Protein chains: 2
Amino acid sequence: MNSNFTIAVHSLVYLAYLPGHMASSEAIAHNVATNPARIRKVMSILRNSGFLKTKEGIRGGYMLGEDPEKITLGDVYEAIARGELQPNWQTGDPEQGCPVSSNTQSVMDYIFKEAEDTYASFLYQFTVASVLQKIKAGV
Amino acid sequence: MNSNFTIAVHSLVYLAYLPGHMASSEAIAHNVATNPARIRKVMSILRNSGFLKTKEGIRGGYMLGEDPEKITLGDVYEAIARGELQPNWQTGDPEQGCPVSSNTQSVMDYIFKEAEDTYASFLYQFTVASVLQKIKAGV
DNA sequence: TTGAACTGTACAAAATAAAATTACAGTATG
DNA sequence: CATACTGTAATTTTATTTTGTACAGTTCAA
């Protein structure tokens with residue numbers, strides 16, 4: 001998995017930390033410790049999923065579009081990282097006669113998909129608000 | 001995650017498919033579609049975890065060390081892939097005064113660890129035997 | 001109505017991680 | 001003692017991730 005999910009959560013928490021405030025990609029990038037272009041790419045996806053409002057032009061930037069208690073990490077995961085837990089590498093060879101060589105990949109696909117479902121489900125218990133609370137508590 | 005877990009499962013299933021037979025790293029590599037050195041590296045870990053027996057020298061190779069119904073994918077995951085679901089990239093900057101910048105990483109570490117626990121737990125329901133069965137059934 | 005401060009997006013470059021390859025010492029067998 | 005194997009390390013190649021650069025489009029305010 002790449003770290004877009006981490007960046008998305010961090011950015012949303014940062015916006016929840018500054019309610020009613022428009023934050024620029026540069027300010028968020030500084031807080032997250034990455035570059036503004038990457039933040040803007042991640043934020044584009046989050047905007048398309050309705051988690052935030054963006055504004056172009058001078059005094060533009062990003063703001064939460066929903067109550068931080070309504071945004072779960074499961075939602076964020078689904079929007080930005082679904083499918084990235086499974087490695088791309090393919091095992092076996094579909095042309096071989098041996099069923100172990102030709103069919104293991106499809107069984108692994110099934111197992112990875114189900115496992116990722118439980119992973120995503122687990123994340124529904126956390127919200128942007130609850131993560132911010134943990135951060136403030138210094139856990 | 002790299003694909004060592006996939007390779008481990010595939011190799012164990014292949015051995016279960018040929019009970020009582022010593023398979024060489026070359027034979028397994030051919031079935032899995034990778035190179036023998038990589039198979040030997042993965043098999044070393046599986047041997048250390050007690051899943052299989054290895055024999056060096058002529059007519060040597062690999063054999064299951066346990067009943068394939070006893071080896072769960074959860075066990076295999078723990079042995080070979082624990083910790084690889086979380087990205088290495090670190091968010092924020094511990095030196096910044098803002099708690100969101102300095103503490104988000106540790107909260108994410110906690111969430112990733114718990115989420116991986118549920119991922120691994122899920123895998124305990126599958127065994128090498130049950131995977132082989134699915135493969136034979138052509139799912 | 002113009003220029004300054006932004007986003008949105010694409011593309012290229014650099015850094016990192018994963019996979020394949022090569023090599024060779026060690027071990028068992030016949 | 002030659003052959004067929006494992007065990008392991010080092011190197012090269014390839015793929016992925018991250019960063020950096022560029023620029024068109026948008027908004028605001030003087």
Side-chain angles (χ1 to χ4, degrees), chain A residues 1-8 10-11 14-15 21-49 51-65 80-81 83-93 105, chain B residues 1-8 10-11 14-15 21-49 51-65 80-81 83-93 105:
Chain A
M1 165 154 82
N2 65 31
S3 29
N4 285 341
F5 174 65
T6 300
I7 289 178
H10 187 146
S11 301
Y14 179 71
L15 295 176
H21 184 268
M22 271 271 168
S24 70
S25 62
E26 200 181 332
I28 300 170
H30 181 252
N31 198 270
V32 168
T34 185
N35 55 293
R38 189 174 189 191
I39 294 294
R40 295 202 289 265
K41 250 179 284 178
V42 169
M43 298 314 253
S44 270
I45 298 169
L46 296 180
R47 169 178 38 88
N48 290 337
S49 308
F51 300 126
L52 42 83
K53 292 193 169 114
T54 73
K55 200 168 144 194
E56 297 184 27
I58 199 164
R59 292 184 182 278
Y62 306 90
M63 247 181 106
L64 281 191
I80 211 154
E84 293 193 353
L85 243 40
Q86 178 171 2
N88 290 331
W89 193 88
Q90 300 283 112
T91 194
D93 172 5
Q105 183 63 54
Chain B
M1 167 154 77
N2 65 30
S3 31
N4 285 341
F5 174 65
T6 301
I7 288 178
H10 188 146
S11 300
Y14 179 70
L15 295 176
H21 184 268
M22 270 274 166
S24 70
S25 63
E26 200 182 332
I28 301 170
H30 181 253
N31 199 271
V32 169
T34 184
N35 56 290
R38 187 172 190 194
I39 293 295
R40 295 201 288 267
K41 248 178 285 177
V42 169
M43 298 315 250
S44 272
I45 298 168
L46 297 180
R47 169 176 41 87
N48 291 336
S49 307
F51 299 126
L52 41 82
K53 291 190 169 117
T54 72
K55 201 169 145 194
E56 296 185 28
I58 199 165
R59 289 183 183 278
Y62 306 90
M63 245 180 108
L64 281 192
I80 211 154
E84 294 195 352
L85 242 40
Q86 178 171 1
N88 291 330
W89 192 87
Q90 301 283 113
T91 193
D93 173 5
Q105 184 63 52

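We name chains A, B, ... by the order of the sequence lines, and we start the count at 1 in each one. Worth saying up front: this structure is predicted, and the values here are computed from it rather than measured.
Just one residue in the list A/Lys41, A/Arg40, A/Arg47 forms a side chain to side chain donor-acceptor pair (under 3.5 Å) with A/Ser44, and that residue is A/Arg47.
Contact annotation: B/Trp89 does not reach the phosphate of C/dA17 (side-chain N/O to OP1 or OP2, under 4.0 Å). One finds a side-chain N or O of A/Thr34 lying less than 4.0 angstrom from the OP1 or OP2 phosphate oxygen of D/dT19. Phosphate contact (OP1/OP2 of C/dT21, side-chain N/O of B/Arg38, threshold under 4.0 Å): absent. At the phosphate of D/dT8, OP1 or OP2 sits under 4.0 Å from a side-chain N or O atom of B/Ser44. The phosphate of D/dT6 (OP1 or OP2) has no side-chain N or O of B/Arg47 nearer than 4.0 angstrom. Proximity of A/Thr54 to the phosphate of C/dG8: a side-chain N or O atom is located under 4.0 Å from OP1 or OP2. Look at B/Asn88 and you'll find a side-chain N or O under 4.0 angstrom from OP1 or OP2 of C/dA17. For B/Ser3, a side-chain nitrogen or oxygen approaches OP1 or OP2 of C/dA19 to under 4.0 Å.
Looking at A/Ser3, its side chain never comes within 3.5 Å of a backbone N or O of A/Thr6 through a donor-acceptor pair.
Rounding to the nearest 0.5 Å places OH of B/Tyr62 at 8.5 Å from CD1 of B/Ile39.
For B/Ile58, the side-chain atoms get nearest to D/dA4 when compared with the rest of D/dA22, D/dT6, D/dA4.
Counting non-hydrogen atoms of other residues, nucleotides and ligands closer than 6.0 Å to CZ of B/Arg59 gives a total of 12 or fewer.
Nearest-nucleotide mapping onto DNA chain C: of A/Arg59 and A/Lys41, the residue sitting toward the 5' end is A/Arg59. Mapping A/Glu56 and B/Met43 onto DNA chain D via the closest heavy atom, the residue that lands nearer the 5' end is B/Met43.
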